[in-house]
Amino acid sequence: MTTQTTNRVEYYAILFACVVAALQLLTLNHPGLNADEALNLLLVPEAKRYFAEGGLTTNPLLPYAGPVHFWFLGALNALVSGFFTSVRASAWLFRLAPFLLFCVAARYLWLEVRKHDRLLGALLPFVLAGMPIMLVYGKAGFGQSILLSLSCFLLAESLRISRTEQVRFGRLAFFMGLAIDVHPMAICGIAGILLPVRIHVSRAIRERPGLFAAAEVLLIFICYPVIRNFIAGLPMSGDAGVNIVREIRNFLNTVSGQQPMAFWLSGVDRTPTVLVVVGLGILLAAFYFYVREKKSEVNPTVRALFWTHAGMTLVMLVMSHFWRSLEVLGNERYFVALAPGWAVVSAAAFMQLGKRYRPVWGFAAGWGGLQAARFFLQVLPLLGQSDPNKLAARWLIDNCPVDYCVAYAENFANYWPIRYYSSFDRIELNVLRDNWKTQPQFSAAGKDVAGCWSPHSERMYKGTFKNIREFPASDSESGVLCFKGITL
């Protein structure tokens with residue numbers, strides 16, 4: 001393939017990535033805010049409690065993680081909100097910073113891959129911009145979104161070590177420490193990323209033991225909150241799977257993009273099954289031919305990435321079966337640390353398949369375009385719709401004033417979005433059940449009572465009321481039914 005053709009392919013790949021990034025920005029506010037995203041607003045009362053009582057909590061959300069997840073996302077949200085003080089509380093305020101960080105990290109990774117292999121670098125933007133798990137977790141306001149970006153930085157560093165045989169211990173320790181701090185499951189991703197360069201790292205340790213020791217001190221310092229928590233012996237709750245066959249099925253749903261898209265779109269991926277099967281079939285076929293390719297025909301570092309990521313994926317699949325089953329939508333987020341490596345391997349597999357069945361760019365561009373199209377065809381129609389939880393919060397602000405009324409949310413899923421949209425202190429909001437993170441309850445003695453439920457809830461309020469208001473479901477959010485003047 002000539003340099004001129006490679007340049008042309010790279011131009012269209014970059015253009016594709018820029019279009020996807022623009023659409024991501026356009027739809028940053030849709031779908032509505034997820035309860036896990038809104039949880040980061042606990043920074044507000046946690047900061048107030050700290051300044052009033054002292055005793056800083058490293059991470060009040062996840063006791064087995066460090067402070068980066070909570071304080072980084074919470075502080076970024078507070079900072080962005082401070083710049084846009086005239087803007088109503090909105091989902092995009094949570095998602096802007098993680099999305100911009102991911103764009104920087106993805107570009108950093110692409111530049112290194114480009115140095116490593118020019119044609120592979122030309123094809124990579126098609127995969128990075130079209131991979132479903134990247135489309136979802138590249139902009140979600142979760143700790144795993146930060147982990148995704150850190151994994152991109154780490155992978156770029158691993159590829160740089162392979163290319164130059166020079167190890168920067170400080171940079172590795174910094175990225176590894178932050179990744180583990182965000183979530184301990186990052187260890188599996190780190191293993192998959194660094195095992196291909198273990199020989200170079202081992203040699204560098206022997207040559208520069210002092211720098212390695214200093215980097216270890218930095219790593220332990222950053223990871224200390226996580227290490228301390230595990231030494232203390234935390235009880236680890238989880239969602240165990242039913243059987244491994246169903247776990248594998250849901251893993252394939254994750255690879256096909258069906259599971260992350262269903263999670264992002266409140267349980268439903270409306271992509272026709274035939275397109276899901278076609279996309280998955282192309283990807284698996286590319287991997288099949290890639291594995292069968294002669295060693296002399298493929299990049300040895302990328303081939304090593306394939307096997308280490310396959311091994312770590314198997315380890316995480318077994319772990320997820322016993323701890324965070326993929327049968328629960330959203331649990332695919334624990335695989336994000338491996339996603340950048342799989343993106344590079346997928347681009348390499350598409351490149352080899354394209355060399356066999358030309359054009360060389362066809363499979364990468366076709367697969368990336370298919371995934372991006374099925375994602376945005378479901379997200380773009382949401383632009384004209386409002387989050388029912390946001391409308392419910394505004395209704396409660398108007399109909400359930402502080403000091404005269406106490407409001408109740410049905411559960412975790414609508415409590416935290418309503419609490420965020422009501423700016424925490426504009427209503428007195430309690431939760432009836434399943435809050436996961438216990439919060440102080442307001443007394444309803446001598447006050448009017450209001451409450452909001454999902455219209456299809458098995459625990460729908462069925463008593464008397466003075467006023468009722470229904471906020472219909474959107475294409476991605478379940479509806480909300482609110483009552484005033486109820487008796488619980």
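Predicted, not measured: the structure shown is a model, and the values here were computed from it.
- With no hydrogens or angles considered, no side-chain donor-acceptor pair links His200 and Glu165 at under 3.5 Å.
- Of the charged side-chain nitrogens involved, none lies within less than 4.0 Å of a carboxylate oxygen, so that Arg249 and Glu327 do not count as a salt-bridged pair.
- Judged by a 6.0 Å distance limit and a 45° cone about the ring axis, Arg333 is positioned over the six-membered ring of Phe142.
- By the 30° and 60° cut-offs, the orientation of the rings of Phe16 relative to Phe126 is tilted.
- Although no hydrogens or angles enter the test, the distance criterion places no donor-acceptor pair under 3.5 Å between the side chain of Ser90 and the main chain of Leu93.
- Between the side chain of Glu297 and the main chain of Lys294, no donor-acceptor pair closer than 3.5 Å is present.
- Although no hydrogens or angles enter the test, the distance criterion places no donor-acceptor pair under 3.5 Å between the side chain of Asn389 and the main chain of Pro417.
- The neighbour count for Ile199 CD1, taken as heavy atoms of other residues, nucleotides or ligands under 6.0 Å away, does not exceed 12.
- Between Thr301 atom OG1 and Phe306 atom CZ the span is 15.5 Å, to the nearest 0.5 Å.
- Taking the six-membered ring where tryptophan is involved, the planes of Phe94 and Tyr420 are perpendicular, since the angle between them exceeds 60° and thus also 30°.
- Distance alone, capped at 3.5 Å, places no donor-acceptor pair between the Trp367 side chain and the Val127 backbone.
- With Asn414 contributing its side chain and Asn411 its backbone, the two residues share a donor-acceptor pair below 3.5 Å.
- Counting heavy atoms from C-beta outward, Ser478 and His456 have side chains that stay 4.5 Å or more apart.
- The local environment of CZ in Arg163 is crowded, with over 12 non-hydrogen atoms from other residues, nucleotides or ligands closer than 6.0 Å.
- Across every non-hydrogen atom of Ile205 and Phe169, the tightest pair is N-CZ, 3.7 Å.
- Between the side chain of Glu332 and the backbone N or O of Gly330, at least one donor-acceptor pair lies under 3.5 Å.
- For Glu410 and Tyr415, the side-chain atoms include no donor-acceptor pair closer than 3.5 Å.
- Rounding to the nearest 0.5 Å gives a distance of 9.5 Å between CG of Asn29 and CG of Leu383.
- A donor-acceptor pair shorter than 3.5 Å can be found between the side chains of Asn7 and Arg118.
- Note: His30 NE2 to Ser386 OG = 7.5 Å, rounded to the nearest 0.5 Å.
- Atom CG of Leu305 sits about 8.0 Å away from atom CD1 of Ile193, to the nearest 0.5 Å.
- Atom CZ in Phe99 sits 4.5 Å away from atom CG in Leu25 (nearest 0.5 Å).
- In summary, the side chains of Tyr224 and Asp181 do not present any donor paired with an acceptor at a separation below 3.5 Å, with no hydrogens or angles considered.
- Looking at Arg208, its side chain does come within 3.5 Å of a backbone N or O of Val167 through a donor-acceptor pair.
- Side-chain contact annotation: Thr2 with Thr5, donor-acceptor N/O pair under 3.5 Å present.
- In terms of heavy-atom proximity, Met134 sits nearest to Ala343 at CE-CB, 3.9 Å.
- Taking the ring axis of Tyr290 as reference, the NZ or CZ atom of Arg303 stays within 45° of it and closer than 6.0 Å to the ring centre.
- The closest donor-acceptor contact from the side chain of Ser145 to the backbone of Pro98 lies at 3.5 Å or more, if one exists at all.
- A donor-acceptor pair under 3.5 Å is absent between the side-chain atoms of Arg356 and the main chain of Leu353, judged by distance alone.
- Using a 3.5 Å distance cut-off with no hydrogens or angles, the side chains of Thr313 and Trp342 do pair a donor with an acceptor.
- A donor-acceptor contact under 3.5 angstrom links the side chains of Thr164 and Arg160, judged on distance only.
- Lys139 contributes atom NZ, which lies 7.0 Å from atom CZ of Arg95 (distance to the nearest 0.5 angstrom).
- Judged purely by distance below 3.5 Å, without hydrogens or angles, the side chains of Thr271 and Gln378 pair a donor atom with an acceptor atom.
- Not a single donor-acceptor pair under 3.5 Å links the side chain of Gln258 to the backbone N or O of Asp269.
- Ile418 and Ala392 make their closest contact through CD1-CB, 4.3 Å (heavy atoms, listed as atom of the first residue, atom of the second, distance).
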